[in-house]
2 protein chains.
Amino acid sequence: MYGTLTCMSTVRGARERARLEVTAAIKDEARRRLAAEGAAKLSLRAVARELGMVSSALYRYFPSRDELLTALIIDAYDSVGVAAETADAVSLAAGAAPRPRWIAVCGAVRAWALAHPHEYALIYGSPVPGYSAPADTIGPASRVANVLIGILRSAHEGRGLSLPPLPAALRSEADRMTADFALGLPPEVTAALVAAWAQLVGLISFELFGQFNRVVEERDAFFAHAVGRLAHEVGLPAV
Amino acid sequence: MYGTLTCMSTVRGARERARLEVTAAIKDEARRRLAAEGAAKLSLRAVARELGMVSSALYRYFPSRDELLTALIIDAYDSVGVAAETADAVSLAAGAAPRPRWIAVCGAVRAWALAHPHEYALIYGSPVPGYSAPADTIGPASRVANVLIGILRSAHEGRGLSLPPLPAALRSEADRMTADFALGLPPEVTAALVAAWAQLVGLISFELFGQFNRVVEERDAFFAHAVGRLAHEVGLPAV
DNA sequence: CGGATGGGGAGAGCAGTGCTCTCGCTTGAG
DNA sequence: CTCAAGCGAGAGCACTGCTCTCCCCATCCG
């Protein structure tokens, strides 16, 4: 079985190894140019030039510019995902309660966004390729949300979460959402969590995209306060 | 005085008249192509071609593609601004209380976004031109926020708004924000409003940019519920 | 061991882009 | 009536994404 299937984890030969290395080099250089000038100005030819290749050679690795961008999008989702996951793991290892864990994860997402503004814009700004995200992105895209779900799950298992009941129009929808990706949470919490996740991204986007420019000055304090209210909104008691 | 200064409101001659008409025609066609294919694919040459001009002629009206986009951004801010303003005016004329007014305005912003997705992406998605928005946009950009401020102001003057006190780190900042653009509101309300406005845009962006795709199905009910919670968050009591 | 195979780089080329410059025509102001 | 200013047309430059062809050489099979 190991011999017949192409082994996925170990590199098979020099050929595959080279291909993986070149692919990684292309993505690295693309990420560098993305950070420097933004997605709109990311040019395949410039990436190839910087790598000492000719532009057509690059099409052996990515069938189009949009596919390269999609690869960067997936990497960005994974990057912010591990940022959130490690923040939560650190917080958990320090024995933190759900509320400080929630605040730590939100802060980690914001810190990642501030450190990688163009990658953040790639995944949470306007969708640049076609119009709807490719299917490959839905897995990595939910990593951060899963961290938040985990926090609320352990909070619920711990001392219980209680929120006002849902309006009738939303009850079955909240049950479906809970069954789909948040098993174990009360449906009101699931609904509140999804909204809170969108709202968190709204807060970060406003800061990053300049909407807070002549409005909010003390960004850290403002964000901390807003995230605390968000925690309250999903049922994490305010101490 | 009327003779020496160039009169601004009335059209002076055929020359100016033609210039205004052509400028409007360019923006209209650009908006059409923006709606059809998005900002990334908006091409000056295509706009000129559709208008029966040659591309260089277009530079008599807009010094660059980015300036054209900036003009579209300003128009989009104004467009969503009047949508919010008329929704509030209608609501107010029907004798609605602050909370239903808040809900009506939020719904109007969402409806505008769903009707003009690419224009929405232009103003609340990733900033497409340089990196920070030009100064001409800060006025139109605040129209929607001003409507929300107006609602909260009348709610406060009516029966009063009360929110939990601010943390010390945010108190002076909230005072400054209040003095800058929300005179008359309690500082806690100002801070909550700014956050709520960003969060509202987060909710709409997630829906519009596909982040809710395999997550939220009943979009209307979900949004209505979230906006109700947002109203509660800024101090508008739940009935 | 040797020849077929196919992966991958190089180069030319096509259609399209933003933007500049120059050349005329037209029109409105003095 | 004259003349400068406004404006459209066209050519052209540097760049883009993408395709196609050519050719080399590492790999695999007999």
Side-chain angles (χ1 to χ4, degrees), chain A residues 3-7 10-27 29-30 33-34 36-73 122 128-130 134, chain B residues 2-7 10-27 29-30 33-34 36-73 122 128-130:
Chain A
T4 59
L5 283 180
T6 74
C7 183
T10 72
V11 189
R12 197 141 66 130
R15 216 68 191 256
E16 271 90 325
R17 177 170 216 97
R19 174 163 248 279
L20 290 185
E21 267 175 23
V22 176
T23 305
I26 292 171
K27 288 205 290 186
E29 181 59 36
R33 300 203 61 91
L34 173 68
E37 315 204 66
K41 309 222 159 195
L42 194 158
S43 119
L44 270 187
R45 293 180 108 113
V47 171
R49 205 180 303 132
E50 213 72 20
L51 258 51
M53 304 181 167
V54 85
S55 74
S56 60
L58 220 141
Y59 285 83
R60 301 278 180 194
Y61 300 90
F62 296 93
S64 77
R65 196 193 98 118
D66 281 1
E67 294 283 333
L68 211 202
L69 274 182
T70 301
L72 293 185
I73 287 174
L122 207 55
V128 191
Chain B
Y2 245 72
T4 59
L5 283 179
T6 74
C7 180
T10 72
V11 188
R12 203 150 53 142
R15 215 67 193 256
E16 270 91 325
R17 178 171 215 97
R19 174 164 247 280
L20 291 185
E21 268 175 23
V22 175
T23 304
I26 292 171
K27 288 205 291 187
E29 180 58 36
R33 299 204 61 91
L34 173 68
E37 315 205 62
K41 309 221 157 195
L42 194 156
S43 119
L44 269 187
R45 294 181 108 113
V47 170
R49 205 179 306 132
E50 212 73 20
L51 259 51
M53 302 179 162
V54 84
S55 73
S56 60
L58 220 141
Y59 285 82
R60 301 279 179 193
Y61 299 89
F62 295 93
S64 77
R65 195 194 99 118
D66 281 1
E67 292 283 333
L68 211 201
L69 274 182
T70 301
L72 293 185
I73 287 174
L122 206 56
V128 191

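Residue numbering restarts at 1 for every chain, and letters A, B, ... go by the order of the sequence lines.
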Does [X] get its side chain close enough to the base of [N], under 3.5 Å, for a donor-acceptor pair?
{"X": "A:S55", "N": "D:dG17", "result": "no"}
{"X": "B:R45", "N": "C:dG18", "result": "yes"}
{"X": "A:R60", "N": "C:dG9", "result": "yes"}

Within this structure, what is the [atom1]-to-[atom2] distance between [X] and [N], rounded to whole angstrom?
{"X": "A:R65", "N": "D:dT19", "atom1": "CZ", "atom2": "P", "result": "15 Å"}
{"X": "A:I26", "N": "C:dG9", "atom1": "CD1", "atom2": "C1'", "result": "12 Å"}
{"X": "B:Y59", "N": "D:dA11", "atom1": "OH", "atom2": "P", "result": "18 Å"}
{"X": "A:L69", "N": "D:dG17", "atom1": "CG", "atom2": "P", "result": "10 Å"}
{"X": "A:R17", "N": "D:dA26", "atom1": "CZ", "atom2": "P", "result": "18 Å"}
{"X": "B:L58", "N": "D:dC7", "atom1": "CG", "atom2": "C1'", "result": "12 Å"}
{"X": "A:E21", "N": "C:dG9", "atom1": "CD", "atom2": "P", "result": "12 Å"}
{"X": "A:L44", "N": "D:dC18", "atom1": "CG", "atom2": "P", "result": "6 Å"}

**Request:** Could you pick out which residue, A:A46 or B:V54, lies toward the 5' side of DNA chain D when each is mapped onto its nearest nucleotide?
**Result:**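 It is B:V54 whose nearest nucleotide is closer to the 5' end.
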**Message:** Does any part of the side chain of A:L44, heavy atoms only, come nearer than 4.5 Å to the side chain of A:Y59, both counted from C-beta?
**Reply:**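 The answer is yes; the side chains approach within 4.5 Å.
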**Prompt:** Any side-chain heavy atom of A:V22 sitting closer than 4.5 Å to one from A:R60?
**Reply:**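 Side chain of A:V22 against side chain of A:R60, heavy atoms only: no contact under 4.5 Å found.
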Distance in Å, [X] [atom1] paired with [Y] [atom2], rounded so as to fall on 0.5 Å steps:
{"X": "A:R49", "Y": "A:L51", "atom1": "CZ", "atom2": "CG", "answer": "11.5 Å"}
{"X": "B:T70", "Y": "B:R65", "atom1": "OG1", "atom2": "CZ", "answer": "10.5 Å"}
{"X": "B:L69", "Y": "B:L122", "atom1": "CG", "atom2": "CG", "answer": "6.0 Å"}
{"X": "A:D66", "Y": "A:L72", "atom1": "CG", "atom2": "CG", "answer": "11.5 Å"}
{"X": "B:E37", "Y": "B:L42", "atom1": "CD", "atom2": "CG", "answer": "8.5 Å"}

**Request:** Grab the two heavy atoms, one from A:L68 and one from A:F62, that are nearest each other, plus how far apart they are.
**Result:**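 Shortest heavy-atom separation between A:L68 and A:F62 comes out as CA-CD2, 3.8 Å.
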Candidates [options] - which lies nearest the side chain of [X]:
{"X": "B:R19", "options": "D:dA9, C:dG9, D:dC7", "result": "D:dC7"}
{"X": "A:R15", "options": "C:dG8, C:dG18, D:dA9", "result": "C:dG8"}
{"X": "B:Y61", "options": "D:dC7, D:dG10, C:dA10", "result": "D:dC7"}
{"X": "A:S43", "options": "D:dG17, C:dT17, C:dC19", "result": "D:dG17"}

**Asked** Does a side-chain N or O from B:S56 land closer than 4.0 Å to OP1 or OP2 of D:dA9, or not?
**Response**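 No, no such contact exists.
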**Asked** So, is B:R49 close to the C:dT17 phosphate, meaning a side-chain N or O under 4.0 Å from OP1 or OP2?
**Response**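 Looking at the OP1 and OP2 atoms of C:dT17, one of them is under 4.0 Å from a side-chain N or O of B:R49.
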**Request:** State, to the nearest 10°, the angle formed by the axis through the first five base pairs of the helix from C:dC1-D:dG30 to C:dG30-D:dC1 and the axis through its last five.
**Result:**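 Rounded to the nearest 10 degrees, the bend comes out at 10°.
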